Amino acid sequence: MAAELTADTLIARHRPTLDQALEAIRTRAYWSPHPEHPKAYGEHGSLDPAAGKAAFDALLGTRLDLGQPGTDGWVGGEVSPYGIELGVTYPHADPDVLLPAMRAGQAAWRDAGAEVRAVVCLEILKRINYRSHEFAHAVMHTSGQAYPMAFQAGGPHAQDRGLEAVAYAYAEQTRVPATAGWTKPQGKRDPLTLAKSFTPAPRGIGLVIGCNTFPTWNGYPGLFASLATGNAVLVKPHPRAVLPLALTVAVAREVLAAAGFAADLVALAAEAPGEGIAKTLATRPEIRIVDYTGSTSFGDWLETHARQAQVFTEKAGVNTVVVESTDDYRGMLANLAFSLSLYSGQMCTTPQNLLIPRDGIRTDQGPKTYDEVTADLARAVDGLLGDDTRANALLGALVNPDVKARLEAAADLGEVALASRAVEHPDFPGAVVRTPAIIKLDGAKPDADAGYLSECFGPVSFAVAVDSAAHALTLLRRGIRENGAMTVSAYTTDPETERAVEEICLEESAQLSLNLTGGVYVNQTAAFSDFHGSGGNPAANAALTDAAFVATRFRFIEVRREA
């Protein structure tokens with residue numbers, strides 16, 4: 001059967017976008033082909049908000065049959081953090097059948113070349129983008145994100161990250177020419193001549209182990225980096241967040257088949273409750289790449305045991321803010337309040353520890369003591385979330401009971417500067433919505449380490465009284481080195497302190513934001529411009545997205561012939 005989507009059609013449709021993406025990663029300037037405003041959708045065949053909601057509702061209680069080989073049953077059981085049962089069931093795969101079928105399609109996919117693979121990936125992303133509102137509801141009801149965030153982060157921003165990975169993959173595969181003539185002079189004798197070809201050859205099947213909080217945003221970089229470099233990809237979603245990645249797999253299979261490739265190049269590995277198939281899959285010999293976002297303990301396990309694979313992990317870190325001085329006190333408080341509140345602190349980039357000198361800080365409003373800074377920040381958070389409608393739009397719902405338990409236990413760790421409160425959701429009475437808590441700790445006490453130098457995932461932050469700016473920098477370095485950090489932030493008007501913070505982040509490989517007081521927040525990163533993680537400290541062994549994230553997913557294989 002002839003392909004519905006020919007290579008020429010796809011290249012004509014998507015090559016301009018690919019070229020713009022390549023320019024964006026070169027310049028690091030702002031660019032996105034995916035509108036982030038919900039009202040931009042509804043034209044050119046894309047689903048508007050009402051149609052997206054209707055499409056999501058139509059999925060509830062259905063069986064999502066992907067037509068995969070090796071299906072030996074049906075599994076499901078997702079319950080929304082907002083209190084509704086999704087009721088969607090997914091194919092459960094026999095890996096002894098599915099994995100060989102996935103490998104069977106790799107040769108043709110490899111031979112298609114980097115450009116064709118890239119434009120096929122862009123067609124997948126385009127079709128996902130058209131369904132952004134539908135995907136947003138799927139993300140919202142599996143992660144607990146409020147709808148505005150689920151739409152932006154789970155839709156256009158995730159799609160940007162996927163496209164960014166494709167751009168890096170294409171750039172790395174095309175650094176070496178496809179063919180080359182080689183001539184070595186031999187003096188009076190005839191020269192030695194060879195004709196050489198260089199083919200990017202995939203490593204094998206990639207395994208994407210999805211997370212509960214950001215299934216698409218964290219899942220798309222690895223998925224598209226592996227697919228664009230010629231590898232088949234098996235997607236193993238988190239059991240509580242299957243639907244967004246299952247829909248992604250469905251779109252990818254549809255596009256691959258339409259373009260004349262094997263649909264089984266992308267497949268889903270959903271699991272039965274309690275089955276825990278990630279370890280089994282990750283150590284199978286067919287799996288040659290693993291992408292993982294989640295807990296440090298399982299990330300460490302994968303790095304140790306999945307020895308046959310190239311393993312990319314984003315784990316947990318302890319994100320720190322050094323508060324030394326500021327020339328915009330109100331802006332600093334507002335920026336920090338929003339950062340602590342967004343998605344109830346359930347982002348791997350959310351600040352946890354605020355290191356504040358116990359003698360206070362210099363500000364444009366005069367000196368402020370440690371107690372004043374902490375109290376003012378508590379009031380800023382309280383003011384931001386005082387209206388329940390706005391609170392629900394920012395906080396979303398707690399993603400699982402463990403987050404709620406950590407929040408409730410936080411009051412025992414120190415003096416409560418801001419107590420968490422429950423927020424009623426008008427549309428979902430079953431949602432568990434909580435405002436952040438701020439706990440005061442003394443950084444000079446030896447037993448305080450247990451309170452703030454390890455991760456406390458969720459809406460809990462610690463205002464840590466330190467002896468001086470130098471003491472804060474010592475704790476900052478120790479925290480990054482021992483526990484890692486996805487983000488570091490600092491507020492200072494002192495050039496020496498600024499240079500010292502920057503030097504620590506350069507030496508310990510941590511991404512730094514300085515003096516953010518406006519509409520850009522430390523826990524947000526922009527594709528094509530910002531690196532998410534560094535790959536250089538314990539929080540993650542990879543960055544999203546750089547050349548290192550894609551380059552080891554393939555190898556150049558050379559064939560030499562006598563010319």
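Quick note: numbers below take in every heavy atom, side chains included, and nothing from hydrogens, waters or symmetry partners. All figures in this text were calculated on a predicted structure; none of them were measured in a lab. Positions are given from 1 along the sequence.
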For residues 239-252, tabulate all N or O donor-acceptor pairs below 3.5 Å that involve a side-chain atom, not counting sequence neighbours.
unit_1	atom_1	unit_2	atom_2	d
Arg240	NE	Asn212	OD1	2.9
Thr248	OG1	Tyr220	OH	2.7
Thr248	OG1	Pro244	O	2.8

Inset, instruction - Before giving the answer on side chain to side chain contact (heavy atoms under 4.5 Å, CB included), spell out for Thr349 and Gln524 the whole-Å C-alpha distance, their side-chain angles and the decisive distance to 0.1 Å. - result: CA-CA 7 Å; Thr349 49; Gln524 297 174 317; over 6 Å; no
Inset, instruction - Please tell me if the side chains of Arg553 and Gln310 come closer than 4.5 Å, counting only heavy atoms from C-beta onward. - result: no
Legend entry - SB check Arg406 Asp402 (cutoff 4.0 Å): no
Inset, instruction - Keeping the roles fixed (side chain from Glu164, backbone from Ala527), state whether a donor-acceptor pair exists under 3.5 Å. - result: no
Legend entry - Side chains of Phe224 and Gln159 in contact at under 4.5 Å (non-hydrogen atoms): no
Inset, instruction - Evaluate the side chain to side chain donor-acceptor pair (under 3.5 Å) criterion for residues Arg161 and Thr525: first the C-alpha distance (whole Å), next the side-chain angles of each, then the deciding distance (0.1 Å), finally the verdict. - result: CA-CA 10 Å; Arg161 282 296 184 189; Thr525 60; 2.9 Å; yes
Legend entry - Residue pair Tyr90 / Leu268, side-chain heavy-atom distance below 4.5 Å: yes
Legend entry - Step-by-step salt bridge (Lys or Arg N to Asp or Glu O under 4.0 Å) determination, Lys39 to Asp48: CA-CA 8 Å; Lys39 292 183 179 179; Asp48 63 19; over 6 Å; no
Inset, instruction - May I ask you to decide if Gln352's main-chain N or O and Glu455's side chain share a donor-acceptor pair within less than 3.5 Å? - result: no
Legend entry - Thr229 side-chain N/O to Ser226 backbone N/O, donor-acceptor pair under 3.5 Å: yes
Legend entry - 4.5 Å side-chain heavy-atom contact, Leu398 and Ser344: yes
Inset, instruction - Of all the heavy-atom pairs spanning Ala232 and Gln106, show the shortest one and how long it is. - result: N-OE1, 2.8 Å
Legend entry - Sidechain-backbone polar pair: Asp291 side chain, Leu223 backbone, donor-acceptor under 3.5 Å: no
Inset, instruction - Taking Gln173 for its side chain and Ala169 for its backbone only, find out whether a donor-acceptor pair lies under 3.5 Å. - result: yes
Legend entry - Step-by-step salt bridge (Lys or Arg N to Asp or Glu O under 4.0 Å) determination, Glu23 to Arg26: CA-CA 5 Å; Glu23 179 67 5; Arg26 186 189 68 82; 2.7 Å; yes
Inset, instruction - Could you tell me which residues satisfy side-chain hydrogen bond (donor to acceptor under 3.5 Å, both in side chains) with Tyr170, sequence neighbours excluded, listed by chain and number? - result: Arg15
Inset, instruction - Please state whether the rings of His141 and Phe56 are parallel, tilted or perpendicular, taking 30° and 60° as the class boundaries. - result: parallel
Inset, instruction - Please report the shortest heavy-atom distance between Ala309 and Val290, naming the atom on each side. - result: CB-CG2, 4.0 Å
Legend entry - Nearest-0.5 Å distance, CZ of residue Arg477 to CD1 of residue Ile504: 4.5 Å
Inset, instruction - Apply ring-ring contact (aromatic ring centres under 6.0 Å, His included) to Phe549 and list each qualifying residue two or more places apart in sequence or on a separate chain. - result: Phe312
Legend entry - Working for salt bridge (Lys or Arg N to Asp or Glu O under 4.0 Å), residues Arg127 and Glu254: CA-CA 10 Å; Arg127 295 192 186 194; Glu254 170 190 281; 2.8 Å; yes
Inset, instruction - State whether the side chain of Asn353 and the backbone N or O of Val318 hold a donor-acceptor pair below 3.5 Å, judged by distance alone. - result: no
Inset, instruction - Name the orientation class of the two ring planes belonging to Phe298 and Trp301 (parallel below 30°, tilted from 30 to 60°, perpendicular beyond 60°). - result: parallel
Legend entry - Side-chain donor/acceptor of Asn483 to backbone N/O of Ser454, under 3.5 Å: no
Legend entry - Side-chain heavy-atom pair Met486, Glu314 within 4.5 angstrom cut-off: yes
Legend entry - Pairwise side-chain contact, Phe428 with Met140, heavy-atom cut-off 4.5 Å (strictly under): yes
Legend entry - Set of residues satisfying side-chain contact (heavy atoms from CB on, under 4.5 Å) with respect to Tyr130, sequence neighbours excluded: His44, Ser46, Lys126
Inset, instruction - Return the set of residues passing salt bridge (charged side-chain N to carboxylate O under 4.0 Å, His left out) with Glu482 (not counting sequence neighbours), or none when no residue passes. - result: Arg478
Legend entry - Check: Thr435 and Val381 side chains under 4.5 Å, non-hydrogen atoms: no
Inset, instruction - Mind checking the CG-CG spacing from Leu18 to Leu122? Nearest 0.5 Å is all I need. - result: 6.0 Å
Inset, instruction - State, with a plain yes or no, whether a side-chain heavy atom of Val116 is found less than 4.5 Å away from one of Leu10. - result: no
Inset, instruction - Decide side chain to side chain contact (heavy atoms under 4.5 Å, CB included) for Asn335 and Asp328; before the verdict, give the C-alpha distance in whole Å, the side-chain angles of both, and the deciding distance to 0.1 Å. - result: CA-CA 11 Å; Asn335 192 281; Asp328 185 359; over 6 Å; no
Inset, instruction - List the steps and the verdict of side chain to side chain contact (heavy atoms under 4.5 Å, CB included) for Ser461 and Leu354. - result: CA-CA 8 Å; Ser461 59; Leu354 294 91; 4.1 Å; yes
Legend entry - Test item: Tyr491 side-chain N/O and Val322 main-chain N/O as donor-acceptor pair under 3.5 Å: no
Legend entry - N/O donor-acceptor pair under 3.5 Å between Arg253 side chain and Ala263 backbone: yes
Legend entry - Thr487 (side chain) donor-acceptor with Asn319 (main chain) under 3.5 angstrom: no
Legend entry - Listed once per pair and sorted, the ring pair (Phe, Tyr, Trp, His ring centres under 6.0 Å) pairs that draw on residues 6-38, sequence neighbours left out: Trp31-Phe528
Inset, instruction - Assign the ring pair Tyr147 / His133 to parallel, tilted or perpendicular, where the plane angle (0 to 90°) is split at 30° and 60°. - result: parallel
Inset, instruction - Apply the test side chain to side chain contact (heavy atoms under 4.5 Å, CB included) to residues Gln511 and Asp530: give CA-CA distance (whole Å), side-chain angles for both, the deciding distance (0.1 Å), then the verdict. - result: CA-CA 9 Å; Gln511 311 292 13; Asp530 295 323; over 6 Å; no
